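Notes follow the structure.
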Amino acid sequence: MANSFATRTFTTLSDLQPNMANLKVIGVVIGKTDVKGFPDRKNIGSERYTFSFTIRDSPAHFVNAASWGNEDYIKSLSDSFRVGDCVIIENPLIQRKEIEREEKFSPATPSNCKLLLSENHSTVKVCSSYEVDTKLLSLIHLPVKESHDYYSLGDIVANGHSLNGRIINVLAAVKSVGEPKYFTTSDRRKGQRCEVRLYDETESSFAMTCWDNESILLAQSWMPRETVIFVSDVRISFDKFRNCMTATVISKTIITTNPETPEANILLNFIRENKETNVLDDEIESYFKESINLSTIVDVYTVEQLKGKALRNEGKADPSYGILYAYISTLNIDDETTKVVRNRCSTCGYIVNEASNMCTICNKNSLDFKSVFLSFDMLIDLTDHTGTLHSCSLTGSVAEETLGCTVNEFLAMTDEQKTALKWQFLLERSKIYLKFVVSHRARSGLKISVLSCKLADPTEQPQRKLLNFTPLRVTCFRAQTAACEDPPLRSLLTNILGGLTWYFRRLHVLHDRIGKKEKVRPQRRDAGSPLRVQIVVIRDGVSPCQPGWS
């Protein structure tokens with residue numbers, strides 16, 4: 001110990017025995033839980049409070065401590081120190097540990113004892129760093145498990161469901177630390193949540209969620225792409241919403257920041273060497289990794305409601321998800337001036353610079369063997385009766401599923417076939433799953449990605465009533481320009497279709513003019529039937545062929 005502690009006598013944690021009294025122990029705090037309250041059985045109507053922490057005084061010895069008492073005492077004691085602090089505990093009660101029961105929820109320790117602190121007999125003093133031997137403080141950087149006893153992130157992803165519910169150790173680098181989110185449960189308890197993104201040599205992004213305040217405070221001190229952590233006893237589970245494996249910090253978990261081990265040093269060198277080349281933005285990462293379970297998305301929005309929700313969430317890093325019943329009002333897949341297929345780097349997914357033939361992220365020449373692949377990359381507009389979402393991103397496999405063809409099949413089509421394909425979707429009522437977030441880099445101020453887009457079942461209705469009036473519904477005829485061999489007629493068809501597109505974009509103006517309960521419904525034409533354009537205006541459910549039309 002340092003000079004100030006040289007004359008003091010401390011009992012080492014390895015010498016603890018049940019029922020020992022009048023002793024002092026010193027150690028560095030390596031783990032800590034939040035304060036919890038529960039009903040006091042002896043005093044009906046009142047509550048008792050508790051929290052626990054883990055201290056260590058040597059590489060091989062650490063022990064759990066718990067304190068019980070009234071709210072003011074427990075919260076005051078808990079707030080007096082954090083993970084990484086060195087504390088002196090006087091007059092703790094030494095009890096034998098019930099291993100099977102207690103280690104189910106507390107960190108596993110090599111000691112067969114535990115410390116109990118009481119308000120009347122025990123005291124806890126926090127030592128300043130200059131008072132403590134550096135050897136004691138260095139224990140905070142030593143994992144409580146063997147340095148080689150861990151899973152890589154790639155191993156976790158590869159094992160998938162077989163690790164669901166397992167408690168394991170993880171060594172990884174910190175990629176990003178999200179902002180803490182605070183909420184209130186249905187029984188009025190306060191809660192918080194923070195998501196940390198991890199990565200290593202085998203996996204570019206992996207989510208770890210912290211639910212307790214102590215681990216969230218610790219996470220806020222981590223430096224993205226500079227900090228390495230060894231997470232002991234973290235729970236691995238399969239996230240059905242995101243369709244991927246994730247980690248959750250629990251009461252058993254002990255996190256060692258920047259561990260001093262050979263394995264951690266290798267990982268630290270990796271992140272330093274690849275700090276620049278491995279910086280992938282959110283769009284690139286989502287292109288490869290995002291796989292959302294669509295069945296978990298249930299909130300239905302109109303365009304107006306979606307924009308309002310996005311604005312309310314401005315400043316939050318996490319995106320929102322929802323369902324939109326709308327029409328594709330812009331789908332330029334047959335326009336030679338609009339590029340809808342691009343080369344992407346096969347390593348990082350970034351769009352390759354066509355002028356330099358270089359990937360700006362990986363710095364790989366696109367002419368190299370298997371260095372690029374073709375992918376859909378297009379922007380579409382989505383319109384309903386409340387407005388239009390401009391420049392929504394439709395890319396990759398989602399675009400292929402939407403159009404019903406691969407990139408190579410699309411490139412082999414003639415212009416007429418592309419136009420015919422476009423009109424299978426343009427101005428048809430679709431059910432669209434979206435991911436959206438406010439982004440000042442986006443031209444419209446809103447970054448929107450299409451997760452799925454399919455023609456809506458005519459009988460399908462939104463799960464909840466969103467509006468007090470019937471939406472405008474428009475269905476236009478499909479133009480079979482490929483079957484038209486007369487150039488003047490084909491030109492006429494193109495002009496008609498262009499006019500209908502403009503007409504649809506102006507429907508919200510027409511809606512204001514003819515009243516909220518009116519509907520404009522162009523008639524659908526079956527494929528192969530004589531070409532005709534017929535627009536029927538229906539007011540209050542009455543067509544021009546019925547009495548009451550005016």
Side-chain angles (χ1 to χ4, degrees), residues 302-303 323-341 376-395 398-405 407 409-410 413-434 448-458 460 471-484 489-511 519-529 531-536:
T302 64
V303 169
I323 301 172
L324 179 69
Y325 287 88
Y327 304 88
I328 300 178
S329 51
T330 297
L331 182 63
N332 293 327
I333 60 174
D334 57 347
D335 185 352
E336 294 183 356
T337 63
T338 304
K339 196 169 184 64
V340 298
V341 176
F376 281 116
D377 188 81
M378 66 186 80
L379 298 176
I380 64 176
D381 291 350
L382 303 175
T383 303
D384 70 359
H385 56 290
T386 65
T388 298
L389 296 175
H390 296 284
S391 301
C392 302
S393 177
L394 180 62
T395 62
V398 176
E400 291 185 355
E401 293 174 3
T402 299
L403 298 178
C405 64
V407 173
E409 290 171 345
F410 176 82
M413 293 181 181
T414 64
D415 291 343
E416 290 79 6
Q417 289 173 327
K418 291 177 182 178
T419 300
L421 176 64
K422 175 175 75 172
W423 283 99
Q424 291 180 21
F425 304 96
L426 199 64
L427 304 183
E428 293 285 358
R429 182 173 183 268
S430 300
K431 182 179 182 181
I432 307 157
Y433 290 82
L434 299 173
I448 303 172
S449 300
V450 177
L451 305 178
S452 173
C453 179
K454 296 181 180 179
L455 296 180
D457 186 338
E460 185 176 14
L472 293 173
R473 297 185 61 196
V474 174
T475 305
C476 73
F477 65 92
R478 295 188 178 94
Q480 303 291 340
T481 56
C484 180
L489 180 56
R490 184 184 302 171
S491 176
L492 175 63
L493 288 176
T494 302
N495 291 335
I496 290 175
L497 297 179
L500 284 176
T501 302
W502 174 88
Y503 168 75
F504 178 79
R505 290 174 179 172
R506 300 295 297 172
L507 273 180
H508 64 281
V509 177
L510 177 64
H511 171 263
K519 295 187 289 184
V520 178
R521 189 174 65 200
Q523 293 293 320
R524 173 179 289 179
R525 181 179 75 91
D526 294 331
S529 63
L531 179 63
R532 61 176 180 170
V533 180
Q534 182 182 13
I535 297 178
V536 178

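The shown structure was predicted, so the numbers you read here are calculated from the model rather than taken from an experiment. In this chain, numbering begins with 1 at the start of the sequence shown.
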(request) With rounding to the nearest 0.5 Å, note down the distance linking NZ in Lys422 to CG in Leu403. (result) 12.0 Å
(request) Working to the nearest 0.5 Å, report the span between NZ of Lys431 and OG of Ser452. (result) 8.5 Å
(request) Check step by step if side chain to side chain contact (heavy atoms under 4.5 Å, CB included) holds for Phe410 and Val341. (result) CA-CA 9 Å; Phe410 176 82; Val341 176; 4.1 Å; yes
(request) Any chance you could lay out the side chain to side chain contact (heavy atoms under 4.5 Å, CB included) test for Thr395 and Met378, step after step, and finish with the verdict? (result) CA-CA 6 Å; Thr395 62; Met378 66 186 80; over 6 Å; no
(request) Mind running side chain to side chain contact (heavy atoms under 4.5 Å, CB included) on Glu428 and Ile328 for me, showing each step along the way? (result) CA-CA 7 Å; Glu428 293 285 358; Ile328 300 178; over 6 Å; no
What pair of heavy atoms forms the shortest contact from [X] to [Y], and how long is it?
{"X": "Val450", "Y": "Val398", "answer": "O-CG1, 3.4 Å"}
{"X": "Ser329", "Y": "Thr388", "answer": "OG-CG2, 4.3 Å"}
{"X": "Asp457", "Y": "Arg429", "answer": "O-NH1, 3.9 Å"}
{"X": "Phe425", "Y": "Leu455", "answer": "CD2-CD2, 4.4 Å"}
{"X": "Cys405", "Y": "Phe376", "answer": "O-CE1, 3.8 Å"}
{"X": "Lys418", "Y": "Met413", "answer": "CE-O, 3.7 Å"}

(message) Under the side chain to side chain contact (heavy atoms under 4.5 Å, CB included) test against Leu331, which residue among Thr402, Val340, Ile380, Leu379 passes?
(response) Ile380
(request) Output, in order, the C-alpha distance, side-chain angles, deciding distance and verdict of side chain to side chain contact (heavy atoms under 4.5 Å, CB included) for Tyr325 and Asp384. (result) CA-CA 7 Å; Tyr325 287 88; Asp384 70 359; over 6 Å; no
